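The structure appears right after this line, and notes come after that.
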Amino acid sequence: SIFGEVRTNGTGVQTNRTHSKSLIAGVSYISEPLQISARVNGINQVYDQMFSTVAAIRNSESLNRVQRVPVRSLGYSVNSVLTVSRDFFNALNIGVESRVLRGASDEVSFVNGIPNTRTGVGGSQRFTSLFMNNRFAKNRLVMNISVRGDFIGNRNGISVSTPVSTNTTTSTSFADRDYSSLSGRA
């Protein structure tokens, strides 16, 4: 799918523009007692915005910031369900999903209508999840046992600032960080 929009925010200078392209594709296999599905998805989005200051008596407006936020994401998921029916109903669901996201915010600030500083921040994140659910049912008795593990990694975080007057770049790199969690339910 492709999406785009352009909006004004009530003044002549302030505008927003979004362009987004996404793709989702998948396949499924069903042959009792097994069902398997796999999906891939991706998105490429760019958001542009212009900011301004408006005089107190609202008779003038000055551009003070231009921002561009590009984001890309790619992910996949695989899910399987095995159904066993004998004296009772038993369905085992096992799956994995993962996504990589890269984003940035690139800005130019203005003073009195003149470019002052170029700044940029960005990084990437990887998210992976593994999950399992087993559902048992017999007559009116139903029992679910679930477990899920999530793993998140933030990578390549950076902030860069360059004053136009000196053209000297200051850069700050952020340490990579990892998070994980395990949750269960019965």
Side-chain angles (χ1 to χ4, degrees), residues 1-25 38-58 60-78 95-131 147-184:
S1 69
I2 297 174
F3 170 79
E5 79 173 337
V6 177
R7 294 180 297 181
T8 58
N9 289 337
T11 70
V13 174
Q14 294 181 15
T15 59
N16 294 333
R17 183 176 70 159
T18 302
H19 296 281
S20 181
K21 297 175 186 174
S22 62
L23 173 67
I24 299 171
R39 305 281 183 265
V40 294
N41 56 72
I43 188 166
N44 184 15
Q45 180 174 317
V46 177
Y47 176 67
D48 294 311
Q49 183 164 352
M50 298 173 75
F51 299 88
S52 68
T53 56
V54 178
I57 58 174
R58 305 193 70 63
S60 65
E61 177 181 24
S62 297
L63 179 65
N64 72 347
R65 187 168 302 273
V66 174
Q67 178 186 41
R68 173 165 269 223
V69 182
V71 175
R72 288 187 177 170
S73 175
L74 181 62
Y76 70 88
S77 65
V78 178
V96 60
E97 60 185 348
S98 186
R99 175 174 300 279
V100 175
L101 175 71
R102 290 185 179 91
S105 178
D106 301 314
E107 301 182 14
V108 177
S109 64
F110 291 78
V111 175
N112 296 323
I114 299 170
N116 184 47
T117 305
R118 293 185 306 272
T119 58
V121 297
S124 64
Q125 183 178 72
R126 178 180 298 274
F127 171 85
T128 301
S129 178
L130 305 169
F131 55 90
V147 65
R148 179 182 179 104
D150 293 313
F151 310 93
I152 301 169
N154 295 324
R155 301 279 183 269
N156 307 314
I158 191 166
S159 174
V160 178
S161 179
T162 306
V164 174
S165 61
T166 64
N167 205 29
T168 304
T169 299
T170 303
S171 177
T172 303
S173 295
F174 300 100
D176 293 347
R177 295 186 292 178
D178 294 306
Y179 308 91
S180 62
S181 66
L182 183 65
S183 59

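Because the structure is a prediction, the values reported are computed rather than measured.
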Looking at [atom1] of [X] and [atom2] of [Y], how far apart are the two atoms once the value is rounded to the nearest 0.5 Å?
X      : Y      : atom1 : atom2 : value
Ser159 : Phe174 : OG    : CZ    : 5.0 Å
Asn44  : Ile2   : CG    : CD1   : 10.5 Å
Phe51  : Ser62  : CZ    : OG    : 15.5 Å
Asn41  : Arg99  : CG    : CZ    : 4.5 Å
Ser1   : Leu23  : OG    : CG    : 8.5 Å
Arg68  : Asp48  : CZ    : CG    : 4.0 Å

State whether a side-chain donor-acceptor pair under 3.5 Å links Ser52 with Asn64.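 Looking only at side-chain atoms, Asn64 and Ser52 do not form any donor-acceptor pair under 3.5 Å.
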Between [Y] and [X], is there a side-chain heavy-atom distance shorter than 4.5 Å?
X      : Y      : value
Leu63  : Met50  : yes
Tyr47  : Thr18  : yes
Leu101 : Arg72  : no
Ser171 : Ile158 : yes
Ser105 : Gln67  : yes
Asn116 : Val164 : no
Thr119 : Val160 : no
Leu182 : Val147 : yes

Nearest non-hydrogen partners of Ser129 and Asp150, listed with the distance: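 Closest heavy-atom pair between Ser129 and Asp150: OG-OD1, 2.8 Å.
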How close do Val96 and Phe131 get, heavy atom to heavy atom, and via which atoms?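 Heavy atoms only, the tightest pair is N-CE2, 3.8 Å.
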Under 3.5 Å donor-acceptor, Asp176 side chain and Asn156 backbone: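 Flag set: sc Asp176 to bb Asn156 pair under 3.5 Å.
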Kindly say whether Phe127 contributes a backbone atom to a donor-acceptor pair with the side chain of Ser98 at under 3.5 angstrom?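 Such a contact is found between Ser98 side chain and Phe127 backbone.
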Listing request: all salt bridge (charged side-chain N to carboxylate O under 4.0 Å, His left out) pairs with a residue in residues 105-117, at least two apart in sequence or in separate chains.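 Qualifying pairs, neighbours excluded: Arg65-Glu107.
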Would you list the pairs meeting salt bridge (charged side-chain N to carboxylate O under 4.0 Å, His left out) in which at least one residue belongs to residues 152-175, sequence neighbours left out?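 Listed once each, the pairs are Arg155-Asp178.
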Would Tyr76 and Val40 count as a side-chain contact (heavy atoms from CB on, under 4.5 Å) if you check the C-alpha gap in whole Å, the side-chain angles of each, and the deciding distance to 0.1 Å? CA-CA 4 Å; Tyr76 70 88; Val40 294; 4.1 Å; yes
Do you know which of Arg126, Arg148, Arg39 makes salt bridge (Lys or Arg N to Asp or Glu O under 4.0 Å) with Glu97?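 Passing option: Arg148.
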